[in-house]
Structure formats: C-alpha cells, structure tokens
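Everything on this sheet refers to the single structure shown next.
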Amino acid sequence: MKKGLKVAVAGAGSGHTPGIVLSLLNHDELDIDEIRLYDIEKERNDDMNIIINFLIKKDNYKISIMSTEDPKEAFEDVDFVFSQIRVGGMKMREMDEKIPLKYGLIGQETCGLGGFSYALRSMNGFLDLVEKIHTYAPDCWILNYTNPETIIAESVRRKYPNLKIINACDMTIGIEDMICKSFDYDRKNWIPVYYGLNHFGFYNSIYDKKLNRDVMPEIIEKIKSEGLYVDDEEESWAKTWTRYKNLLEYFPSNLPNNYLEYYLFSEQIVEQSNKDYTRANEIMDGRLKKIKQTVKKIENNKDLNTIDYESSSHGNYIVDICASIINDKNERFMIIVPNKGAIRNFRDDVVVEIPCYINKNGAEPISLRFDIPDFHKGLMEAQVASEKLLVDAFFENSYQKALEAFTLNQTVPNAKLAKEVLDEFIVVNKGYWPELS
C-alpha cells in the first residue's frame, strides 16, 4: 500500500462528492493524506468544502482538505484526479433535456440529441481540464466519470492517446445492485460479461460463483414476471426501473442497459415525459437544495444529526478502481477502452465498454470469446458512427459533421428535425461549443 496519497476531485461542487470522499476515507486499502476539492464555480466549491470538513470532523478523520479554483493548487503532484465535471451545470442540462422535447424527441442528458449537446460542451471542458492536469501532474492517474463517456473517451483517444486515464461508468453496477436488491442475489459472487458502448450495451451472461451457474436467464424471467423493487427509488428512477421489463418483453435474450429504452422506445418515453419538469429540475429541487440546506445547518450549528451523507455505490466503484491500480490488485471492472479486437466482430477503431482487469498499468481489456449478435451489432454500429461524426465535428469545427451526427442519432426520425434542434442548440450553447461552420 502506497502511503500518503494525494487526491484531487475535479467538479467537486457535485452532490456526488461526499460519497466519493467518504469512500476514499473508508477504504481499507488506501492511505489518503490529502484531498483537494477543485471546481471552477467558487460558491459550489465553498459549499462542498464546508460539508466535507464537517463530515471529516464529525468522524475524526485525520486528513488534510483544501478547496481551490486554481488548477495549479489543485493538481500539482497529485497521484489521482477523480473527474466528474458538468460543463454548463444543471441549467444547461435543463436545456439539453427540454429543447429536444419541444420537437417531440427524447430529452435526456446522455442519450439522444441532448446527450450530443452535452458532449460538445464536455469535450471542450474535459480536454481543457486534461491539459491542466497534465501540466501540473503529468504522471497522475485520471479516473473519469465525466459524461457522455464513450464520446469523451473517443476525444481523449484522439488527442492524448498515451494518457493515464480510466473511463468508468457505474451504471452496470446500478443495474446489478437493483437486481440483487429485488431478487436477493449477492453481486460479490458474480462474474458478469457485458459489452457495448456507454449507456448502450448488453449482458451476455452473469455467472454466479456460489450458485455455480449463469443466472442471467432466471433474472430475465423474474424481471418479466415480477418487475424490479422500486419502492425506495426517486420518482424518475422508479419509472425507469418499472419500464425496464418492457425491454425484456420485446428482446428477452440478453439483459440490456436500461438507457436503451431511449432508443428502442423513444416515442413512448417522450409521451410519458413532462416537457416542463425534467430530471434536471428534479435534481435542482432535490440534491442541489440539499447541499444548500446542509451548509446552512452547519453554519448555524443546528440539526446536525440530520446530515446523512455517506459512502455510495457511485463513490465505491471509482475508489475500488483506484485501489486496484495503486495496489496492483488486477481486479475486474466494466471499463470504457479502445476495442482493438476485444469484441472480435466489431470495428477496432472505437471505444467500447467491456470487462477489464485493473492493475498498476491501468485497464487490460478481456477479449470476448464470441461474436456479438447482429441486432446488437447493428444498433452499436449506428451509434458509433453518429458519435464519431460528432467528435469529428468538434475537432474540425464542422457544422456539416454535426448535422450528420444529429441526423444519424437513433432517436431522430429525419434530417429536418435534426437541423432544427442543432440550430437551436448552437444558440443556447454559445461560449460552450466550438464555433461550427
């Protein structure tokens, strides 16, 4: 175990930061000496600094905490940077969700045209962040949660092909946790095989070591017949998990990523969506208000026993990756990496989400020993083409490539709608997107 690790959290104003910090501090195989909170928004960073310092004092953790908007102070000589930046904040996420809905299209932060709007902002912001990190800590590991992750990973692959970075998403863990909670499995016993793009993939099998069999077929039948347990979920997520069995009723051969509903049942999702109150509004009225309320409690030294931040699966996943790197554990995770033959009947020049071993050298992909089905392959190829066109548009400042990407997106029925949404997004994203011509 390496002693005295220095860790920075980029995008520290996020409501996920307490979970990541507590996961770092509670991990038995990590010795953290210093955590630096970095955000370009001072107010959000200051608020989170108050919360983190309260949590540390409450449980008597021995660690140095600092918050800063200066990248040199944040990143100089750190060992790891945990990135969870949201370029444009929740207000721009609201635009990503509501503008497509005006046109009868999917309004979602990482899927559809809202996801593409977010991606063009994120590539700008994330590559700038990488440049700053590389300037002040060229040997550190970047552990990235910044969305949309396949597109972010593709942009990094092009500009920084040798960067020490792990692009990870915890959605597969969310799916597995939901299944275990609903049907009394233990995910620690599982060896899952999953393939796809970020928020766009499928399980091929879930081998349970204790039960000594592939449990995916029985899980599919249980979800179809009983549904998932959603009583303790937020309203929007409860609806998502309730609809999950609809995917399996149409396509029962594999467990899909739940985000595929936005592509396969886009019209139904739009019909059920509230065009005036989206997930962004739910978060602003929930998680973001909670941060402000918590800060007020701490400043007034009042109702401190009601402050209930704790480690989260979101935090545990990325922190376990950190531990597997620093301790050379070679543990298995779902990671977003260049394909290079790992999915043997899929194009090599793309980034995919597949099982990987994580050790001191980073992610070592596990090659799948089967051809993925034509249905999945066809869906993925169309998605890859649209995402690659979007990355082309970013690097080439190409309006034409952006229009092609928007038109090819599988939530869009025709080029006229794609152009109308693209043109409106160009206006609201001025200063965030590259200039397209």
Side-chain angles (χ1 to χ4, degrees), residues 23 27-29 168-233 237 240-261 311-321 323-324 327 329-337 342-344 352-359 363-373 375-376:
S23 295
H27 203 289
D28 293 337
E29 297 174 345
C169 177
D170 62 356
M171 196 59 245
T172 54
I173 303 306
I175 294 169
E176 292 166 25
D177 282 345
M178 173 57 72
I179 291 169
C180 290
K181 179 181 74 171
S182 299
F183 306 121
D184 199 28
Y185 291 97
D186 185 349
R187 193 172 63 81
K188 293 178 182 177
N189 298 324
W190 284 1
I191 304 175
V193 176
Y194 177 93
Y195 56 84
L197 315 171
N198 184 231
H199 291 179
F200 201 100
F202 307 86
Y203 285 87
N204 181 70
S205 63
I206 300 176
Y207 184 79
D208 190 302
K209 293 179 288 185
K210 185 177 180 180
L211 298 176
N212 197 30
R213 65 174 185 269
D214 177 9
V215 295
M216 188 182 76
E218 66 193 59
I219 289 171
I220 289 172
E221 290 307 313
K222 288 179 179 180
I223 294 172
K224 287 169 61 180
S225 62
E226 303 173 36
L228 295 164
Y229 179 79
V230 300
D231 289 2
D232 55 358
E233 296 293 315
W237 273 107
T240 295
W241 291 123
T242 299
R243 291 192 299 257
Y244 188 63
K245 70 177 183 177
N246 197 38
L247 285 164
L248 294 171
E249 287 167 354
Y250 277 76
F251 307 105
S253 60
N254 298 75
L255 277 172
N257 192 297
N258 57 293
Y259 280 83
L260 280 161
E261 70 172 1
S311 298
S312 63
S313 59
H314 178 91
N316 290 337
Y317 189 63
I318 201 79
V319 170
D320 284 343
I321 291 171
S324 197
N327 297 312
K329 294 175 66 180
N330 219 41
E331 290 189 333
R332 181 175 169 135
F333 299 87
M334 302 298 180
I335 302 296
I336 299 159
V337 292
I343 302 176
R344 65 190 187 189
V352 292
E353 188 169 14
I354 54 175
C356 298
Y357 292 114
I358 300 289
N359 53 44
E364 296 187 355
I366 298 171
S367 293
L368 306 185
R369 292 174 290 181
F370 55 87
D371 290 342
I372 64 174
F375 177 57
H376 299 170

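Please read these numbers as outputs of a predicted model, since none were measured by experiment.
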Is there a donor-acceptor pair under 3.5 Å between the side chain of [X] and the backbone N or O of [Y]?
| X | Y | value |
| --- | --- | --- |
| Asn359 | Lys329 | no |
| Ser324 | Ile358 | yes |
| Arg187 | Ile179 | no |
| Asn327 | Glu29 | yes |
| Tyr244 | Pro256 | yes |
| Tyr317 | Phe333 | no |

Looking at Asp208 and Arg213, is there a salt bridge between them, counting it only when a charged N and a carboxylate O are closer than 4.0 Å?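 No, Arg213 and Asp208 are not salt-bridged.
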For the atom pair CG (Asn330) and SG (Cys356), what is the distance rounded to the nearest 0.5 Å?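 Here the interatomic distance stands at 11.0 Å.
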Is the ring pair His199/Tyr259 parallel, tilted or perpendicular, if the boundaries are 30 and 60 degrees?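 Aromatic pair His199/Tyr259 classed parallel.
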Parallel, tilted or perpendicular, as decided by the 30° and 60° cut-offs, for the rings of His376 and Phe202: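 Parallel, since the angle between the ring planes stays under 30°.
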Side-chain donor-acceptor pair under 3.5 Å between [X] and [Y], yes or no?
| X | Y | answer |
| --- | --- | --- |
| Asn246 | Glu261 | no |
| Asn212 | Tyr207 | yes |
| Tyr194 | Glu176 | no |

Residues in side chain to side chain donor-acceptor pair (under 3.5 Å) contact with Asn254, at least two apart in sequence or another chain: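 Asn254 satisfies side chain to side chain donor-acceptor pair (under 3.5 Å) with no other residue.
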Are more than 12 heavy atoms, taken from residues, nucleotides or ligands other than Asp232, located less than 6.0 Å from that residue's CG atom?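 Counting neighbours around CG of Asp232, more than 12 heavy atoms of other residues, nucleotides or ligands fall under 6.0 Å, so yes.
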